[in-house]
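One structure is given here, and the rest of the page talks about it.
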Amino acid sequence: MHCKNRCLRPQDPATPHAVPMKRMQMLKYHHPSTPPTTKLPFRSSSSSPPDPRVVIDFLQRKRKSPNNEQQEREKEKVQSPDEWNDEELRSLLSSASFTQTHLLQVIRALNDTQTALRFIDWASCHHSPPLHGPSAFQTLFDAASRRLPNPHLRLQELLHQSRLRGLPLSADSASLLIHSFSAVGWVSQSLQIFHDLKPHLRKTPLYNHLLHLLFKSDRPSDALSLAHHMFDSGRRPNQVTGAILFSALLKRSNHGIDEDSIARLVLELGRHGVFPDPVQLTQWITRLCRNCGTVKAWDLLHALKDLGAELQVPSFNALLASLGRERDFHRMNLLLAEMKEMGVEPSVITHGILINQLCKSRRVDEALQVLDKMGKGDETAPDVVTFNTLIDGLCKAGRQDEGLGLMDRMLMQYNCSPNIVTYNCLMDGFCKAGELDNARELFDGMPEQGVPPNVITMNTIVDGMCKNGRISSALQFFKELRGKGLEGNAVTYCSLIGASLHVNNVTKAMELFEEMVSGGISPDSVTYFTLISGLSQAGRLEEASSVASSMEEAGFHLDVASYNVLISGFCRKKKFEEAYKMLKRMEEAGVKPDEVTFNTLIAALCKGGDILTANEVMSKMIEEGCVPSVVTYGALIHGHCKVGNLDEALKLFRSKAASGIRPNAVIYNILIDYLCKGNELDSALSLMDEMRAEGVFPTATTYNSLFKGLRDRNLLDKAYELMDKMNEQGCNPDYITVEILTEWLSAVGETTRLRRFVQGHEVSVSSM
DNA sequence: ATAGGGTTAG
């Protein structure tokens, strides 16, 4: 009786000891799915099984001890079972009750792997029923994994032997091997084992282990594919799967991966009842909002809600805040209604988000109403952040006095102490309103309230002083605080530099810049822009260009606005070559010229009377996908006026107005100015009427042009009429208005009317 | 929840 193809025949004369590899790979072992059909003849019917100990002794006694060379050679081969006296071993194991279990006991008890392998091979052929190979190897793996040190090396060798025999791994063997290999970082070996495993043996815990391994090995996208593979093959995730995926995918290091794919994964887990905890869900929502927009986050939240996930206020808050940032009040209201319906109580944060949104939308009174609806003295009571939001809102709406009042109220009615932010907001409000003294008073009171000023406080006041033209006070204040240990930062210097440039004090600006850099404060992109813009406007293009170079050297890229400001500077100096060079540099740097870039060039060309080239640039503008706007046509209209072609200017004005481009005050002002200069005062006046009829309010510039025209013709009464209109309309005269009228009205002895005008009273009635 | 800029036509 031969066991062809199923086992190695011990009597095969060609290969008594070493079996060629090809033959080896043909070895087929007994496998549960392919039960042996052949019955072996040497089964005895009798008696109890022999003591496994006896078998073990036999196996070990009979085993030849091969020399090292032989051992090396034989490693790659399945050991021939011929080494034992076949008949003797057969009779030893012939008892019918010597089962698979006993065989495994024998294998387990054999200390020596080589002997064990030989025995497995023998028993797979000669025993009846044949030994089940995968189980035998599982026994070997199990034993090897317990022996220290380096069980993984022994397991690797055994795995090799198992593969040589074409044996599939049992689920337990695979799990054991994967655990051992992954513990020493053998990721691809672990994956290979998993891959070779029959799909029905790939159980959830094994998936979990590999998912964990892949994340630990910094292969998040592989982990993600494995997870998707898991779901696709119908394997159910459990809580552990969820715990691994949720926490790993929220880590900073795993932020590169596709959010969509993650969202799908979260949903898939949810379908199996595995949900992120409320904190994780909130983090997901925040991240989805930031990276993919609120719609994705909205969908996820609602899908999870439908799947029965536990939803808590913070998750809603995250979504509400993001909807607020997008000004999506409709969805905010829907979500709030849903919360109410689900019985999720809004928290202080929820109310804070609402208040913040209302304030940012300039609806401060409604925000104050929300405050009144909140609790007092319980956990739904407004906190310092709530008050700060409101105070800031009031200040930004120019209601800084009410802000101050609210600061008192928060302490008195809510027992809530103002903090540094409260003070900073209020001081900013006073500074922006030009009430520097009030700001200073608050500042001086801070230490005794136990709220020491910080760098934001300093910057707020420094900027306030700068914006109110008090640069030397600002410098003085800065110096004073430095003496008290407060250090400035890029923002401090930015305010000071910007203000210096604003008053054309380039020397001071550069000095401050030097001081800043030598003080170890790195300029940021805002500082660079401030410098470039200020220097360009001051006509210091060389310096501006060199700052732009340092900006690039510092690793910042110039943005469109920076290039535009430089181009505009060169244009103002009529250095068109330089302007075009800058345009080229900009394009080379990959920054696309925008509407402003083209308008700058067109305006400069028009100003120089080169309408032809201006039109060419406008064609390029359209080619590049930019749409000419009111500003573009305004520049061209100005160009036509400039070269004395008022008719062409009006023609363009009419045609563009007809095609739906609404002229603005600037365009009317240009035309009115040139009409006045061209002695067409009546047309100018009727254009102003038209302007009003179109809903465009005349500005001081409009009136200035007309006053000049009227003065040249000495049309006093018409001037009084306009002065009244100006007052009625609430249009403040600027210094030019005052200059023209002062000169004209004093010359004709009508200074009273001028005074009344400046004070805002009616001037045309002569009974004064 | 707080601080600095935002370019073009009169």
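As the structure is a prediction and not an experimental result, all values here were calculated from the model. Residue numbers start from 1 in every chain, and the chains themselves are labelled A, B, ... in the order their sequence lines are given, proteins ahead of strands.
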Exercise. Between which nucleotides of DNA chain B, 5' to 3', does chain A make heavy-atom contacts below 4.0 Å?
Worked result: B/dA1 to B/dG10

Problem set entry | Contact list for residues 530-541 of chain A, test side chain to side chain donor-acceptor pair (under 3.5 Å), sequence neighbours left out | A/Arg540-A/Glu543

For this session: Please say whether more than 12 non-hydrogen atoms of neighbouring residues, nucleotides or ligands are located less than 6.0 Å from CZ in A/Phe329.
Result: yes

For this session: Using a cut-off of 6.0 Å, state whether more than 12 heavy atoms not belonging to A/Gln413 lie near its atom CD.
Result: yes

Looking for any heavy atom pair under 4.0 Å, which part of the strands does [X] touch: base, sugar-phosphate only, or nothing?
X        : value
A/Val384 : nothing
A/Asp673 : nothing
A/Asn454 : nothing
A/Thr699 : base
A/Ala665 : nothing
A/Thr527 : base
A/Lys642 : nothing
A/Thr701 : base

Exercise. Residues two or more places apart in sequence or in another chain: which of them pass salt bridge (charged side-chain N to carboxylate O under 4.0 Å, His left out) with A/Arg711?
Worked result: none

Exercise. Are any of the side-chain nitrogens in A/Asp712 or A/Lys708 under 4.0 Å away from the carboxylate oxygens of its partner?
Worked result: no

Problem set entry | Salt bridge present between A/Glu588 and A/Arg585 (N-O < 4.0 angstrom) | no

